[in-house]
Colleague: 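Quick one: the structure is below, questions incoming.
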Amino acid sequence: MDFVKMHGLGNSYILFNLLESTDEMGDFSYLSKKVSDVNFGIGSDGILLICPSKIADFKMRIFNIDGSEGKNCGNGLRCVAKYLFDHLYTTSPRFTIETLGGVVRVEVEIDEHELVEFVTVDMGEPQWIKMSIPMIGDPFLPAIAEPFSIGDEEFEMTCVSMGNPHAILFVDNVDDVPLEKIGPEIEYSPLFPERVNVGIVEIQNQREFKYRVWERGSGLTMACGTGACAAVVAATLTNRIEKHQQTTVHLPGGDLTISWDQQNHVWKRGAAAYICTGKLQMEGDLPRSRAI
Ligand SMILES: N[C@H](CCC[C@H](N)C(=O)O)C(=O)O
């Protein structure tokens, strides 16, 4: 089965194009046996399936390294949008992609070779009441600046959903925080019945901050598009950055430009790039007999 490996700011995914496949789940259930090969054999932060959609132009599904299915993927959306436009699946630079977290609008920007360089995604409306994350507690109350302790360390946590759940902690220096330790503690906290992505933010000024992420189901990654969007919303809700202006988010893999507009939509602009293509060895590809 052919694949394309791509990345958005170092957050890498293996893309399988199932647009010509008849049974999306059938192909994936066949693929699911290969998740460990795909992620550990080839190496990536997860799998993206490009599928037909009944409610949008295309559909994207994301699977983390541990095989769990995510509901949205900001970096993945930019990779899929680039792949679809570059491979002539659409002639319009603006189109829609269905995710489990909702339908998003994308707009690609092409370079002098007519290939996609940057993609802007309307990530839709953030949610932050506990029921929408989901998290334990009063379902109609927000989780803004809630105390969260790990051992003898006290953190302030704000939770936002971008279709997928994010717990955001504001810290003095993102490089001083043992994210590989606190990440899983929060990911697997009983507070989050569907687990949670964990982001740490170091505010630099009213228009930019540094952000690192521990991803639900994938661990430390170089970037997280939905997480960066959730961090902008959390920083706005806790009055750390100006409302409704453009924020530059510095991630280990690069920068994203994000704005939460007056219509309550979060917009994200960033790059996407190819890494390699290949063919996944599937049992069906092997010779059927040893006739000599
Ligand atoms: N890296 C992705 C997020 C993956 C989210 C996934 N780990 C989940 O279970 O929600 C992004 O760029 O938004």
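Throughout, numbering of the chain's residues begins at 1 and tracks the sequence. Both counts, for ligands and for their atoms, begin at 1 and track the order of listing.
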Colleague: Relative to each other, are the rings of F95 and F58 parallel, tilted or perpendicular (30° and 60° limits)?
Modeller: perpendicular

Colleague: Looking only at distances, can you tell me whether any N or O atom of G227, backbone or side chain, sits closer than 3.5 Å to an N or O atom of ligand 1?
Modeller: no

Colleague: Can you list the ligand 1 atoms lying under 4.0 Å from a non-hydrogen atom of G225?
Modeller: 11 (C), 12 (O), 13 (O)

Colleague: Could you tell me which atoms of ligand 1, counted from 1 in the order shown, lie closer than 4.0 angstrom to a heavy atom of N75?
Modeller: 11 (C), 12 (O)

Colleague: Under 4.0 Å from a heavy atom of G74: give me the atoms of ligand 1 that qualify, with their elements.
Modeller: 11 (C), 12 (O), 13 (O)

Colleague: Please report whether ligand 1 has a polar contact with T226, defined as an N or O pair separated by less than 3.5 Å (distance criterion only).
Modeller: yes

Colleague: Which residues satisfy the ring pair (Phe, Tyr, Trp, His ring centres under 6.0 Å) test with W260, sequence neighbours excluded?
Modeller: W128, H244

Colleague: With sequence neighbours excluded, give me every ring pair (Phe, Tyr, Trp, His ring centres under 6.0 Å) pair touching residues 130-186.
Modeller: none

Colleague: Of the non-hydrogen atoms in R212 and P252, which two are nearest, and what is the gap between them?
Modeller: CG-CG, 4.0 Å

Colleague: Please confirm whether I62 approaches ligand 1 to less than 4.0 Å, judged on its heavy atoms.
Modeller: yes

Colleague: Evaluate the criterion salt bridge (charged side-chain N to carboxylate O under 4.0 Å, His left out) for residue pair R94 and E107; output intermediate values, then yes/no.
Modeller: CA-CA 4 Å; R94 283 176 295 283; E107 178 161 4; 3.0 Å; yes

Colleague: Compute the shortest N/O to N/O distance between N164 and ligand 1 and return yes if it is under 3.5 Å, no if not.
Modeller: yes

Colleague: Contact between I50 and Y83 at the side-chain level, heavy atoms closer than 4.5 Å - yes or no?
Modeller: yes

Colleague: I want to check something: taking the side chain as every heavy atom from C-beta on, are I203 and I241 in contact at a cut-off of under 4.5 Å?
Modeller: yes

Colleague: Would you say C73 contacts ligand 1, with heavy atoms under 4.0 Å as the rule?
Modeller: yes

Colleague: Do any N/O atoms on K71 end up under 3.5 angstrom from N/O atoms on ligand 1?
Modeller: no

Colleague: Could you check whether any heavy atom of G217 sits closer than 4.0 Å to an atom of ligand 1, since that is the contact criterion I want to use?
Modeller: no

Colleague: Give the C-alpha distance, both sets of side-chain angles, the deciding distance and a yes or no for side-chain contact (heavy atoms from CB on, under 4.5 Å) between F3 and I42.
Modeller: CA-CA 11 Å; F3 68 78; I42 302 165; 3.6 Å; yes

Colleague: Would you please determine whether Y13 falls within less than 4.0 Å of ligand 1 on a heavy-atom basis?
Modeller: yes

Colleague: Non-hydrogen atoms of T221 versus ligand 1: any pair closer than 4.0 Å?
Modeller: no

